[in-house]
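See below for the structure under consideration.
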Amino acid sequence: MSKLGHSHMPPINITVQGVDKLLRGLNPRKHQGPDEISPRLLQELHTEMAPILTIIFQRSLGTGIVPKDWKNAIITPQLKKGQSQSQVITGQYHSHA
């Protein structure tokens with residue numbers, strides 16, 4: 001436990017195989033994020049992108065430095081099932097980043 005009473009987080013192991021698996025599992029129909037890279041492109045180039053992204057993720061984790069852009073998200077409100085636009089009341093959204 002740390003001085004604040006929190007237990008330590010177990011080590012995170014980022015591997016090329018793990019990143020590759022995540023890239024292959026992307027939904028190509030989703031919109032691109034703030035980086036303007038299409039999920040379809042990442043999925044199609046998973047073999048080439050996985051080693052590069054693994055290095056970036058490992059370096060970020062090892063240094064404790066997170067790029068500013070990674071701290072931002074685009075939140076799009078989604079209506080609940082069966083709800084029409086005219087029925088929208090604040091707080092009835094499910095957020096999907």
Side-chain angles (χ1 to χ4, degrees):
M1 288 221 172
S2 70
K3 291 180 181 182
L4 298 174
H6 301 286
S7 60
H8 293 280
M9 188 170 91
I12 297 173
N13 186 22
I14 300 172
T15 65
V16 173
Q17 295 80 13
V19 173
D20 185 74
K21 180 179 179 181
L22 292 172
L23 291 174
R24 284 183 283 123
L26 289 174
N27 183 343
R29 294 185 176 153
K30 294 282 185 175
H31 292 287
Q32 62 193 22
D35 58 9
E36 298 184 12
I37 301 173
S38 127
R40 181 178 180 185
L41 180 68
L42 290 171
Q43 186 184 51
E44 288 181 8
L45 298 175
H46 66 92
T47 303
E48 294 82 3
M49 295 298 298
I52 298 164
L53 291 173
T54 301
I55 292 168
I56 294 170
F57 298 151
Q58 287 174 337
R59 186 158 302 156
S60 176
L61 186 62
T63 62
I65 299 170
V66 178
K68 185 178 178 181
D69 289 345
W70 291 6
K71 297 177 184 180
N72 297 323
I74 296 173
I75 305 296
T76 305
Q78 300 289 316
L79 295 172
K80 291 181 179 181
K81 287 186 179 182
Q83 185 180 31
S84 70
Q85 187 67 31
S86 62
Q87 296 172 317
V88 174
I89 299 173
T90 305
Q92 290 188 335
Y93 286 107
H94 297 283
S95 68
H96 297 276

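- The cluster map of Ile, Leu, Val, Met, Phe, Trp and Tyr, joined by side-chain heavy atoms under 4.5 Å apart, puts I56 and V19 in the same cluster.
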Which donor-acceptor pairs under 3.5 Å do the side chains of residues 58-68 make with protein atoms, sequence neighbours left out?
from : atom 1 : to  : atom 2 : distance (Å)
Q58  : NE2    : I14 : O      : 2.7
S60  : OG     : I65 : O      : 2.7
T63  : OG1    : R59 : O      : 2.9
T63  : OG1    : S60 : O      : 3.4
T63  : OG1    : I65 : N      : 3.2

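- Rounding to the nearest 0.5 angstrom, the gap separating the CD atom in E48 from the CG atom in L53 is 11.5 Å.
- Placement of V16 and I52 in two distinct hydrophobic clusters is found when ILVMFWY residues are connected by side-chain heavy-atom separations under 4.5 Å, directly or transitively.
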Indicate every side-chain donor-acceptor pair of residues 31-38 with a distance under 3.5 Å to a residue at least two apart or in another chain.
from : atom 1 : to  : atom 2 : distance (Å)
D35  : OD1    : I37 : N      : 3.0
S38  : OG     : R40 : N      : 3.1
S38  : OG     : L41 : N      : 3.1

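- Distance check: M49 CE to T54 OG1 gives 10.0 Å after rounding to the nearest 0.5 Å.
- Q43 places no side-chain N or O within 3.5 Å of a backbone atom of L23 that could act as its donor or acceptor partner.
- Screening residues 48-79 for ring-ring contact (aromatic ring centres under 6.0 Å, His included) gives F57-W70 as the qualifying pairs, with residues at least two apart or on separate chains.
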